[in-house]
J.: 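Okay, handing you the structure first.
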Amino acid sequence: MTVAATSAPDWLIVGGTGTTVLLGIPAVAAVAAYRRLRTTPLPPSAPARRALPPVGSAARAPVERLAASERSLHELLGILTRSGVVAAEDVDDTARIAAAASASLTAVAHDIVAMERAAVGSTGAAVHLSTSISSTAARLADGVQQYDGLVAAAALLTTPGASGSLSALDSRRDALQFASDRLEGWAYGLERLQRP
């Protein structure tokens, strides 16, 4: 290798070194970009598309509202992540709580649809199921309202001036934490109710 380098013409050695430097610059820039991106928090994952209950189901309207609220919360959490108004861990925690509550609400909606199908299949069962369907639908609507409360609390942190007064900002952060805790407690209670 050394013999080849010493016997090569000068223009080849200079040209080879220049090419090495020229190809090394993008590699150094890529490593720097990688390190910078690694420290940037990932945005919250987008909510999954959900299948809506059949038309006429008592669960359809609440599930439509839930899907719209999930999209809104996803957008708001993205804004909060980029603005840095709320710590990244708190945004992640809020997203986790919202996903768990959404899963509980989806399970309730599936139960409503299953009871409605059972009521259609049996007139004897329909008499007994009508009360269960309406009370479960009321719980579902209440849960979606709790979810909307979390979305509203997240929206408070995006209003102009949210980064102004520290006491106002802390109050808004507390409202988001309170809404998160309330939704988490509600989802836990609902999950306990759903267990046989």
J.: Indicate the atoms forming the closest heavy-atom contact of Pro62 with Ala59, along with that distance.
T.: CD-O, 3.3 Å
J.: Do you know which two heavy atoms are closest between Ser57 and Glu116, and how far apart they sit?
T.: OG-OE1, 2.7 Å
J.: Under the criterion side-chain contact (heavy atoms from CB on, under 4.5 Å), which of Ile79, Leu80, Thr94, Thr81 is the partner of Val86?
T.: Leu80
J.: Grab the two heavy atoms, one from Leu183 and one from Gly143, that are nearest each other, plus how far apart they are.
T.: CD1-O, 4.4 Å
J.: To the nearest 0.5 Å, what is the distance between OG1 on Thr158 and CG on Leu77?
T.: 10.5 Å
J.: About how many Å separate CG of Leu66 and CG of Leu52, when rounded to the nearest 0.5 Å?
T.: 10.0 Å
J.: Less than 4.0 Å between a side-chain N and a carboxylate O, is that true for Asp93 and Arg96?
T.: yes
J.: Mark yes or no for whether Thr136, through its side chain, and Ile133, through its backbone, hold a donor-acceptor pair below 3.5 Å.
T.: no
J.: Can you measure from CG (Leu73) to CD1 (Ile97) and round to the nearest 0.5 angstrom?
T.: 11.0 Å
J.: Keeping the roles fixed (side chain from Ser102, backbone from Ala98), state whether a donor-acceptor pair exists under 3.5 Å.
T.: no
J.: Could you report the tightest heavy-atom contact between Trp186 and Arg139, atom names first, then the distance?
T.: CZ2-O, 3.3 Å
J.: For Arg172 versus Leu156, what's the shortest heavy-atom pair and its separation?
T.: CD-O, 3.4 Å
J.: Report the distance from atom CZ of Arg49 to atom CZ of Arg71, rounding to the nearest 0.5 Å.
T.: 8.5 Å
J.: I'd like to know if Arg60 and Glu64 make a salt bridge, using a cut-off of under 4.0 Å between side-chain N and carboxylate O.
T.: yes
J.: Quick one: OG on Ser69 to CD on Gln146, what's the gap to the nearest 0.5 Å?
T.: 12.0 Å
J.: Drop me the distance from Leu129's CG to Ile112's CD1, to the nearest 0.5 angstrom.
T.: 12.0 Å
J.: Has the side chain of Arg173 got a donor or acceptor atom that lies under 3.5 Å from a matching backbone atom of Val85?
T.: yes
J.: Do Val113 and Val144 share a hydrophobic cluster (ILVMFWY, side-chain heavy atoms under 4.5 Å, transitive)?
T.: no
J.: Of the non-hydrogen atoms in Ala153 and Ala179, which two are nearest, and what is the gap between them?
T.: CB-CB, 3.9 Å
